[in-house]
Each structure stands twice: as C-alpha cells, then as structure tokens.
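Below, each value reflects all heavy atoms present in this structure, side chains not excepted, and no hydrogens, waters or symmetry copies.
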Amino acid sequence: MDIIFSVAFLLQVFLLSSSPATSQHETFRAKHSEEYCAMYDICGQSSDGKALNCPYGSPSVKPDDLLSAKIQSLCPTITGNVCCTADQFDTLRVQVQQAVPILVGCPACLRNFLNLFCELSCSPNQSLFINVTSISEVNGNMTVDGIDYYITETFGEGLYESCKDVKFGTMNTRAIDFVGAGASNFKEWFAFLGQKVPPGFPGSPYSILFKTTILDSSPMKLMNASVYSCNDTSLGCSCGDCPSSPVCSGSEPSPPRKDPCSIRIGSLKVRCVDFSMAILYIVLVFVLFGWALLQRTRGRRRLGSGVEPLLDDMVDEGSSFANLQKDGTHPAEIDPQGQNVVQFSFVQGCLSSFYRTYGRWATRKPTIVLCSSLTIVVLLCLGLLRFEVETRPEKLWVGPGSKAAEEKEFFDSHLAPFYRIEQLIIATIPESKHGKPPSIITEENIELLFEIQEKVDGIRANYSGLLVSLSDICLKPLGDDCASQSILQYFQMDPDNYDNYGGVEHAEYCFQHYTSTETCFSAFKAPLEPTTALGGFSGNNYSEASAFVITYPVNNAITKVGDENGKAIAWEKAFIQLAKEELLPMVQSSNLTLSFSTESSIEEELKRESTADVITILVSYIVMFAYISVTLGDRPPHPSSLFLSSKVLLGLLGVLLVMLSVLGSVGFFSAIGVKSTLIIMEVIPFLVLAVGVDNMCIIVDAVKRQPSGLPVEEQISNAMGEVGPSITLASLSEILAFAVGSFVSMPACRVFSMIAALAVLLDFLLQITAFVALVTLDFMRAKDNRIDCFPCMKLNPPSAERNEGVRRERDGLLTRYMKEVHAPFLGLCGVKILVIAVFAAFTLASIALCTRIEPGLEQQIALPRDSYLQGYFSNISEYLRVGPPLYFVVKDYNYSLESKHTNQLCSISHCDSNSLLNEISRASLVPTSSYIAKPAASWLDDFLVWISPEAFSCCRKFTNDSYCPPDDQPPCCLPDEGPCGLGGVCKDCTTCFRHSDLVNDRPSTAQFREKLPWFLDALPSADCAKGGHGAYTNSVDLNGYEGGVIQASEFRTYHTPVNRQGDYVNAIRAARDFSARISSSLKMDIFPYSVFYIFFEQYLDIWKLALINISIALGAIFVVCLIITSSVWSSVIILLVLIMIILDLMGVMAILGIQLNAVSVVNLIMSIGIAVEFCVHIVHAFTVSLGDRSQRAKTALCTMGASVFSGITLTKLVGVLVLCFSTSQIFVVYYFQMYLALVLIGFLHGLVFLPVVLSLFGPPLRYTVIKEQLEDMPSASSEQPLIR
C-alpha cells in the first residue's frame, strides 16, 4: 500500500531531470540577462530514458495560445515569453503530477513547490538564476551535466516552512520524508534534490547546486518568486498540515496528566497520602498512650494497685464453655458461683438447639445420613459428562457485555479482522551483565537472517491433506509478495541482491532513505520503516539496533471454523516446531538470542498448562491427606493405642468428601453448559480443601473435648451444639464472599467464583451430614476397640482398657501453649499497647501502599514458567519501538453534499479546524499524554485529493466514462513496452472532474457514490500515489453505502510504544477520552479500536469494581454476623478485623508487585470469607464465656485458639504451600503468594490482634440471674435447654 507513496518521491527527481531548457548558451560564453534562457529544448536522453537539456542559451520564446494556457494552468506566475517548448512542458507536467497528490492537502506548499520547478523549466528570465557549469556528450549531442540554481533564502525557507508539517496520510508520516528525504531545513532539502544519481536510480541525471549568495561582480540574480505561507487562509491549508494556521490556534492539545499530589519537606518529596497516614498514625499513638495512662490512673485510684493483666490466670475450668457442659444439656454458661447463665441470641439459640437435636439424630442413623447425602452429590457429578475446558483467551478474560468486545465485533464484521501476527525476535547478548548489547547490523547476522528466512519459506504444513506454505496464507496488500516486515526487504528478500546492492552499507543507507530510494523498497513495493524491523535502538540511531524483529502478517478470519484460519493454525504449529528444533540452535550458535510467537501461541500454551501440574496436584493431595489424618487423630498415650486413636481413614474419607463437593459443583455447572477453566481444575480443590478441613478439624476437636463418659450420641450432639453456630456463620460468610466474586465481568474469574461458592456450600452440607455420620462411625469404632483403616480387626480388651479416659486427661501441646504462654503474654499491659500500635501501623502503611498497586495482568503471569513465550514477552517490552495500530472507527458517515460530516472528518483544505483528523494530528503532538504517535492515515483525505482536478493523473476516465488508470499502469503502459509515453490507448483520457463540477472542491452525493469504488480499486503508482487499493481496501464498508451513508470506516494511526501494563491501560483510557470528546463535539459516533483493548478494558474501572465488590462482601458478612449473633458490637469488631486483614493483604500486594486485576479482585473478595474463620470462632467463644473481658478473652483463646491454629491456620498453610510448585505463574503469584499472605495476616489478626481488642473493647456479657439453686438444675439426662 505504501509503495506508491514512495514512488511519488521520485517526482521531484524526475522534475529536475525533465526541467529541460536548451540554450544556445555555451558554458564558457554564458549570457545572463532578462528574457534569455540558460537551457532550451531537449538534446538527448540518459541511458535510463531521462531527458537531458541542451546547454545552449537563447532568447525566450513567445508560446502559442494553447501552450500559454497550459503553462498558466500549472505555473500562473509565468506570463509572456517562456524558456520551454511544448514537449518540455508536457514532460514537466507529467513529472509534477507525482508530487501533487502528496502535497495538495496544503495548497500553499504545493504552489511553492510548483513555482520552484516552473521557474527552473519555463521562466523567461531563466539565465539570471540558472548557470550551466558542466556539459557532456550524448549520442553526438552536447547535454547539460551540471547547473547552479540561485535562489533567495527567503524563498527556500518559505518553501520548507510551508511543507515541513504536511503529512502523507497513507504512511502516517510527513510528506517531506518522501519528497525531501526527511530534511530538517531547506538547505538539506535542496541538497537532496540536486544530487546526481547513477542511471537506473531515481533522481536528477545531472547535478544541481542550489546557491543563496552571488558575487557582487556576477550578472546572476537570485530567483525570488512569490512564496506563500501555509497559514495563509486564502490557500486553505489544514490544521494537520499547518499547525501554525490561525484557525488552529484556538484548540490546544490536552495537557499531560498531573502527577499524584506530593509534599516537599526539605529535599524529601513525600506523597500526600503517605504524609497523611504518618500524621494520622502519630495522632493515634498519642491517643492510645493517653488512654492507657488514663486507665492506669483510674485503676490505681480504684484498686490501689496496677491494672490486672489481660487474660488473667484466675479463670478456672469452671468458666470454660466446654468443661461446664458435663451434664450434656444445651449450652448454658455458669459463673464460678453458679449464679449466672449466658444468654444466647435468638438465632444462636435456635441454631445450637437445631444442631444439638440434629447431631443426636444423625448419630442414631449414620448410614441413612451418609448414603442420602452422597447420593445427591453423586447425581450432581453426572453433569461431568458434559465437562469442557475453555482455553480461548478472549473467552477467558473478556466479558460478553464488554464494550471493547462489542467494538471488536463491529470492526471485524464491518471492516476486516486484524491480521494474525507471527513473529521472530533475534537479539545480541551484552558483553557484560550491565553492558550495552552490540549492534546486530553485521554481515554475518544478515546472512544468518537469510538462512532463517529460507527455512521459514520452506515450511510446508499439512492441513487436511494440503501442504500450506507462508505464501498461501500471508497478507499481500499489492501483488504476489508477502508483506513481511524484515530488514531483508531492503534487498527485496533476495540473497543475490545483498552483494549487488552493497551489503550492510546498503541496509544502513536504506534506514535513512527508505521512502525515497527505489532499491530500498520492499519486495511488495512499499517502503519499510526501520522501526518495524529493528529493535533496541534510541531515537533514529537505527545502526545501533541490537535486535531484528521479523513479522509475518497472516490473513485472519472472523471465526475459527473457516478454512483460512485452519490453514494458518496448521502453519503456525509447524513454524513453532521449526523455531524450537532448528532456528533456536542456529541462532544460539551465533551467540544471539531468539524468541518467537504466533497468533495461536497463547491458546496452545494455555492448553499445555492444563496437564503441566498433574504430578504436583497428586503429591499435594497426598501431603494434605497425611496432614489431615495426623491432625484429626489423638496423641496416643501408649504405642499400643495408636491404631485406635489415629484417624487415617476418617481423614481420607473427609478429603474424598471435599473432592466430591468440587466435582458436584463442576458437574452442576457443566450440566447447564458452563465451561470450566484451568484455575478451577487446579485451585478450587486446594481452596475448598483448605476451607473444608477447618470445619472437619473443629468438629472432631469439639467431640474430643466432650467428657469421655458420655455416649457417642451425646458427645456428638453436644459438640454440634457447641460449634454448629460458628461453623454455620463461617461457612455462610465464605459462600457469600465467593458468590460476590461472580459479579466480576471477567469470565474466568466469574466462573471460578460461582463454582467455588457452590463447592463450599456442598462441602459445608457434606460436613454436617456425611462427615458427622463418618465421625460417628469412627468414634464407635474406637469405642469398640477396632483398628483404624481395618475396622474388622479388634484389639484385646486389656490393651484398650489401659487407655480408657486417658485421652481427655491431658491437653495437647497447642492447647497448653495457648493456656500457659500465648494468653498470659498477650495479657501484659505493655504488650496490649504494642499490639494495637503495631497493627495500626501496618494498616495505615497498607493504605498508603494500596495507591501504588498498578492495574493489569502481565502476559507472562498467565503462562507456564517454562513457556517459550516468557522470553518473547520480555523481548517485546525491551526491543519494540513502535506501538500497536490504532483505528478511529466512524459509524454512519453521511457523505451527501448537504451533510457536514465530510468536512468534520477530513484534514485537507476547506476542512473544519476541529475535524477528527485535525484533532488526531494535534493529539500526536503530545504523545506522552495522548499515546498517539502519528497523524492518521485518511482514506477520505486521499480520496478527495484523488478526485481533485489538480491530481490530473489520478481520477481519470475514458471517453465512455469508464475508469482510466494512470499513464504508468496497464493498459496505458504495458510492462514489456519499455518507457511509458503520453500516447497509446489512454491518450484521450481526461480528469474525472473540472473545478466547475465540484462544490467547494467537494463532490456531490452521486459523484462520491460513483467514484469511491474506483478509488478503492485504484492501484497506487509513481504517477498517482493516492490510489486506495492496498492501503484502504478494508478501511471502508461499502455494504449499503449507496444510500448516502457509510456504515463503518476507519482512520489508522499508531499508539506510542507500550511496554508496561500501565501503558496499555493509560493508552486505552486516553484514546477513549479523546474519542468521547470528539464524538460530543462533532455529534458523530466515533470509537477507538486496537487489538489489545479487548483484554485491557477491564482495568479502566478495576479499582471501582474492586471497592464495590469488597464493600458488598463485607456488608453481606456483617449482616450475617448481625443476624446470627444479634450483637452489633461483635459484628462491628469482626468487620473491623476483616477490613484490616484486607488492607494489609493489599499492602502486601503492593510490596510484592502483584497487580490489580479480575484475578486479584476475586482473591480479595474470597479472602474476606476465608478471613472470617480466623475471627468468628474466637468471637463466638468470647461471647459465650464468663467473667470480665480479660477472662473471657483468655477462655476464648484456650477453648478455640488451638483449633484455629491447627485446624484453620495450618490446614490452609499446607493447602497453599503446594501451589508454590505449580508451573503456572498465575497460580504462584495470585494464589500461592496472596493466600500465603492471607493465612499469615489472618493468623496474626485472629490470634494476636483480635484477643487484645476483645479484652479491651469486647461486647459485654449477656446473663440473667438464676434464682434456683444449682442442685435444682436439670440433670445430665435432661434435654431441656437452660437458656434465658
């Protein structure tokens, strides 16, 4: 597509060579005077057909009326006599036509440019500023070989200033890059135009030395034709081509985003949020110490002594909830004097009563309970017959209602899907660890690249019996050559051209002249920007590049069922195999690195990931099973009782129940058509196991705390009544928290949350049904002296009787630690103050750190750690110097003459100053904030130029009104006929329109409708670089356009290089803000589109999403706690601790560099549910204990502390640690690291901070006075609960 535009550059060179002027003037007897020519007529041609002027001066000649009219149409400043013949003028006109389409967007530039060559070719005073300095003989005729062209600096500077910002839309670059080799001033431009080039190369056949000074004695004068400024409103230059135009000065680019608020303290710069948290902490510490001092003073006055330590040791066994229930009645808390009894909340009382009754019933009929519960879950598991795994990235990470997904669907269906990318990155290795990598532009490396290309071209992939090569699937915008982006394109992908063109030197030359030298054009006849084929350089120092970036664009289809994509996928698999087996060793042997990727690589690696952790999963389940078996069992007082006290079989069956709950959940959702994900397959079993084991341990511990003399039925009944309410509260909180995660839009996380929530619910139901039945059977086994795992075998009664009752006479190690060390230590006054201060510091520091969490999800994280894509994504960030393509898509463009839409979109003359394309040009001036790198390529601008009468070689028609191509294209010019002339079949072609046919240079509705398909089918060439075929083939949706409205069209530019996740997020935010502003201003429907938007859209509002869902989860748990405990006080304390846990977890995320995305948001939400377990059991035990706050806090720790540590902390720790060995980075970072941090933070808050808070600010004790004497209380056999 861009080929043609570079060809257009030849125009100036041809202009010079064809600016004929013959003269009878001899070199050594030059005459310089008015009305005298320095050159006149054409005396010959160079070997490549370029016209050579006669070096003889002659008086200027009066043209005939026809020639005068022609000259006036192109050179209005030349009147009267002229120094050119009709043939010379026709040659000039043909050559000038190449520049017109490029510069016509700014009439001032075009007028100045034409004046430069009109004066050179036809001025009647030519001899005053043209001096022939050398001549040569061609076929016996003397011809010009060199001239001096004297021009004022005013004209040179005016010409350059009027043209320097004119853009060349199709290439998204400046026109000066094509017609001036990127000159930075007029002297560089003139030096480029005046170079004499060898035959066959574009340029002047003789040298032209532009001079801006003359000697006083010289008869020469400086050419000083009128020069027009681009901001001359009468010439109508657009804002994009002339930013200094007065009509453009009113609209300024949006300012760059401000940095976060900061405060400077001396030389130290501190962020406002950090400073605020530091001040707040200082205030809190002073308040805390003041309060502690006040309490100490009051205590001395009241007691005459120091304050009793927290968790005083005066509490005896009588105040323990468990130890007071020796009669087996409904839980009733009695103080040591027997005067008071704890009063449950209504809901707690109902739950306790229900669980006590249910526990008694379940132990009487364990087989029925076990079989019925398992039957229901097994039925749910039948849904696994429809089990499917989703691995497509767009289905995993993009919500169906996503705005970006809708925009992608619109773009793909109305325009064309973005092409598939197959890529190689070859880079040099630094000589030292921190050294600069050497340049990759060497002869050996380019030859290696040719060898690699030969192997890639030789790939033959098998697809349904067909052999597929790159040529069969690659993108071919023009002709039959693939549009591969490689430095080898500077040699037309031909190794023979490497030596013929000059090897490395030619490549380095093309880095600077890729738009202007024909030998630098690619095999697909378009200029190749070095930024697309090189990496690892700074600025425009392409020779310092340390990497080759080879890209193979491949045709894409909307769906993956088409034959086209099937061939591409087959070729991509063969390409990856070749890269791994052959290319990688080749590159490494040359001391280089190689990374590679294809369009299907991510999906294939995700599929491979599904089987990568099978061994890890199996080992981890074995470890988990072993730990549970040890945890559930008793510490045998004698080796002979080990076979009775162990609970290996119970642990194994408990693990199986957890697995059944996961399978039942997955089966249910599979049955209703929900596909699972890899996260579900690998993480949920661990998660549910870690959550489910807690309740198993708590139930078994509660049973073991019951008096040994009670029947198993009463033991389990009392245990269920004791822990049932807190288990229910914890499980409901977890289910709610997991369910809230289903509100996240990302499908992978939403499905994960739904399946996890149902799995936890099923696990909870199985625990209070099947597991209770299993515990009953296990304790009956132990009472019957049957061996664990082999219940058919019994131990001898004497051996069993030795240990009867011993089990409950000795506390476990953890229980003794809680009673003798942990609780007394936390009771010290100084320790309490220190704990409050330290945890407050952690929380406030975490609030400050939270603001440093960046949104995003690094691509490397979602892939296996050993994936070849890990290195590829790292190299992309390090080496790429061009950003992703950015399309501004316009919906329902009304092109009728009556509509304002055309001028609201275009950027050439007569377009609105605030048009879309002008605004894009302005935005590109501030790329750091707009993330727009270049002005946009505009099919509309090029179309309007193409039909313009000035572009007389573009839109042409035969006498029968059919399309006539430019003179250098068939049928006007056939390849085998030699140089193209002005005759032939196209000699009678005329321009499509005269100025009188247009209205303010705009076509009518019918003209637009008729000529647009011509434009989109027109091939670009040297004579007309504005043909739309290739460049704009897919830029306009012609379906239904006949009605005057184009449903969809796009204007292409590029984002700046985006290397970090934050860059991607900021780029999409900036593009959407820009489009929203323009849409509102123009009252048109415009949206931005780039291939990465669909994956990064979620991060625009990820903080809002996170805060809303976390708030919903916290609110739901608060309501559940409030309903069950009927205590606002207790619920607020639980809520406070949960908030602190989440804030601290987010602070750890910031420290570890864990980004905020749907995965981490779901983790944070579920962490709330998991964190509840660290709090709710301690708070429940506190509320049902007797004594003052310190005594009740100690009782809670002694009763539930060991269970929380061993049954919750350690089980979760074991369940999380196994994820460390996963080969999937996403599991290691977002599950291992986050859940490990959660376990540690939850443990510290639940067993350190919470008891201290309860001892200081816990809810008051509920009690009523019992008038009856203790001896009147119900006996152990009574089932009437003692609750007031």
Side-chain angles (χ1 to χ4, degrees), residues 10-33 35-61 63 67 71 75 81-96 98 116-151 190-211 219-220 223 518 978-982 1022:
L10 303 180
L11 123 76
Q12 354 2 339
V13 210
F14 288 155
L15 261 185
L16 303 175
S17 41
S18 50
S19 300
T22 57
S23 245
Q24 307 163 347
H25 171 55
E26 297 181 7
T27 309
F28 305 104
R29 294 185 299 171
K31 181 178 179 180
H32 303 287
S33 65
E35 298 294 333
Y36 207 84
C37 304
M39 304 176 293
Y40 191 80
D41 212 344
I42 299 174
C43 287
Q45 290 184 336
S46 62
S47 58
D48 57 354
K50 295 175 183 176
L52 297 174
N53 300 332
C54 301
Y56 308 115
S58 68
S60 59
V61 178
L67 178 58
I71 293 175
C75 307
N81 293 349
V82 295
C83 284
C84 59
T85 64
D87 289 339
Q88 285 177 300
F89 179 77
D90 288 339
T91 304
L92 170 65
R93 189 174 186 272
V94 169
Q95 294 166 341
V96 165
Q98 299 173 358
L116 176 69
F117 294 103
C118 286
E119 295 293 329
L120 171 64
S121 302
C122 295
S123 172
N125 301 317
Q126 187 187 70
S127 64
L128 289 178
F129 47 82
I130 297 293
N131 184 38
V132 178
T133 57
S134 63
I135 60 176
S136 61
E137 184 176 346
V138 177
N139 297 327
N141 295 325
M142 302 303 293
T143 61
V144 173
D145 191 52
I147 65 172
D148 289 342
Y149 191 175
Y150 292 87
I151 298 180
F190 285 168
F192 169 75
L193 294 176
Q195 292 176 350
K196 179 181 178 180
V197 298
F201 285 80
S204 174
Y206 54 84
S207 63
I208 304 174
L209 180 60
F210 290 86
K211 293 186 175 183
M220 305 298 294
M223 194 279 290
E518 190 172 11
C980 298
L982 300 177

Visitor: Rounded to the nearest 0.5 Å, what's the gap from CD1 on I130 to SG on C37? Could you check?
Guide: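 So the CD1 of I130 and the SG of C37 are separated by 11.0 Å.
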Visitor: Say you draw a straight line from CE of M220 to CZ of F129; how long is it, rounded to the nearest 0.5 Å?
Guide: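 That separation rounds to 8.5 Å.
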Visitor: Between V61 and N81, is any pair of side-chain heavy atoms under 4.5 Å apart?
Guide: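 Counting from C-beta outward, V61 and N81 never come under 4.5 Å.
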Visitor: Looking at CD1 of I147 and OG1 of T133, how far apart are the two atoms once the value is rounded to the nearest 0.5 Å?
Guide: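 Output value for this atom pair is 7.5 Å.
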Visitor: From the options L92, N53, V82, select the one residue that forms a side-chain contact (heavy atoms from CB on, under 4.5 Å) with S121.
Guide: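 It is L92; the other options fail the test.
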Visitor: I'd like to know if the side chain of E35 and the backbone of N125 have a donor-acceptor N/O pair within less than 3.5 Å.
Guide: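 Between the backbone of N125 and the side chain of E35 there is no qualifying donor-acceptor contact (under 3.5 Å).
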Visitor: Which heavy-atom pair separates V144 from L52 by the least distance, and what is that distance?
Guide: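 Smallest heavy-atom distance, with atoms named: O-CD2, 4.5 Å.
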Visitor: Measuring only between side-chain heavy atoms, which start at C-beta, is I42 closer than 4.5 Å to Q88?
Guide: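 Yes. Closest side-chain heavy atoms under 4.5 Å.
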Visitor: How long is the span from the CD1 atom in I151 to the CZ atom in F190, to the nearest 0.5 Å?
Guide: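 Going from the CD1 atom of I151 to the CZ atom of F190 covers 4.5 Å.
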Visitor: Could you report the tightest heavy-atom contact between I71 and C84, atom names first, then the distance?
Guide: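 That would be CD1-SG, 4.0 Å.
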Visitor: What do the steps show when you test C75 against C118 for disulfide bond (SG atoms under 2.5 Å apart), and what is the final call?
Guide: CA-CA 6 Å; C75 307; C118 286; 1.8 Å; yes
Visitor: Please give me the minimum heavy-atom distance between Y149 and L116, naming the atom from each residue.
Guide: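 That closest heavy-atom pairing would be OH-O, 2.8 Å.
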Visitor: For P124 and S60, which heavy atoms make the closest approach, and how far apart are they?
Guide: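 Closest pair (atom of P124, atom of S60, distance): O-CB, 3.8 Å.
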Visitor: Measure the spacing between CD of E119 and CG of L128 and express it to the nearest 0.5 Å.
Guide: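 If I round to the nearest 0.5 Å, the distance is 11.0 Å.
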Visitor: Show the nearest heavy-atom pair for residues M142 and C43, with the distance to one decimal.
Guide: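 That closest heavy-atom pairing would be O-CB, 3.6 Å.
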Visitor: Quick check: do F89 and P63 have side-chain heavy atoms less than 4.5 Å from each other?
Guide: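 Counting from C-beta outward, F89 and P63 never come under 4.5 Å.
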Visitor: Over all heavy atoms of both residues, which pair between H32 and S127 is shortest? Give the atoms and the distance, please.
Guide: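 Where H32 meets S127 most closely, the heavy atoms are ND1-O, 2.6 Å.
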Visitor: Got a second to check how far Y206's OH is from I135's CD1, nearest 0.5 Å?
Guide: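 Y206 atom OH to I135 atom CD1 measures 14.0 Å (nearest 0.5 Å).
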Visitor: Treating S134 as the side-chain partner and G146 as the backbone partner, does any N or O pair qualify as donor plus acceptor under 3.5 Å?
Guide: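 Yes; at least one donor-acceptor contact below 3.5 Å.
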Visitor: Does any part of the side chain of K196, heavy atoms only, come nearer than 4.5 Å to the side chain of D145, both counted from C-beta?
Guide: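 They are in side-chain contact.
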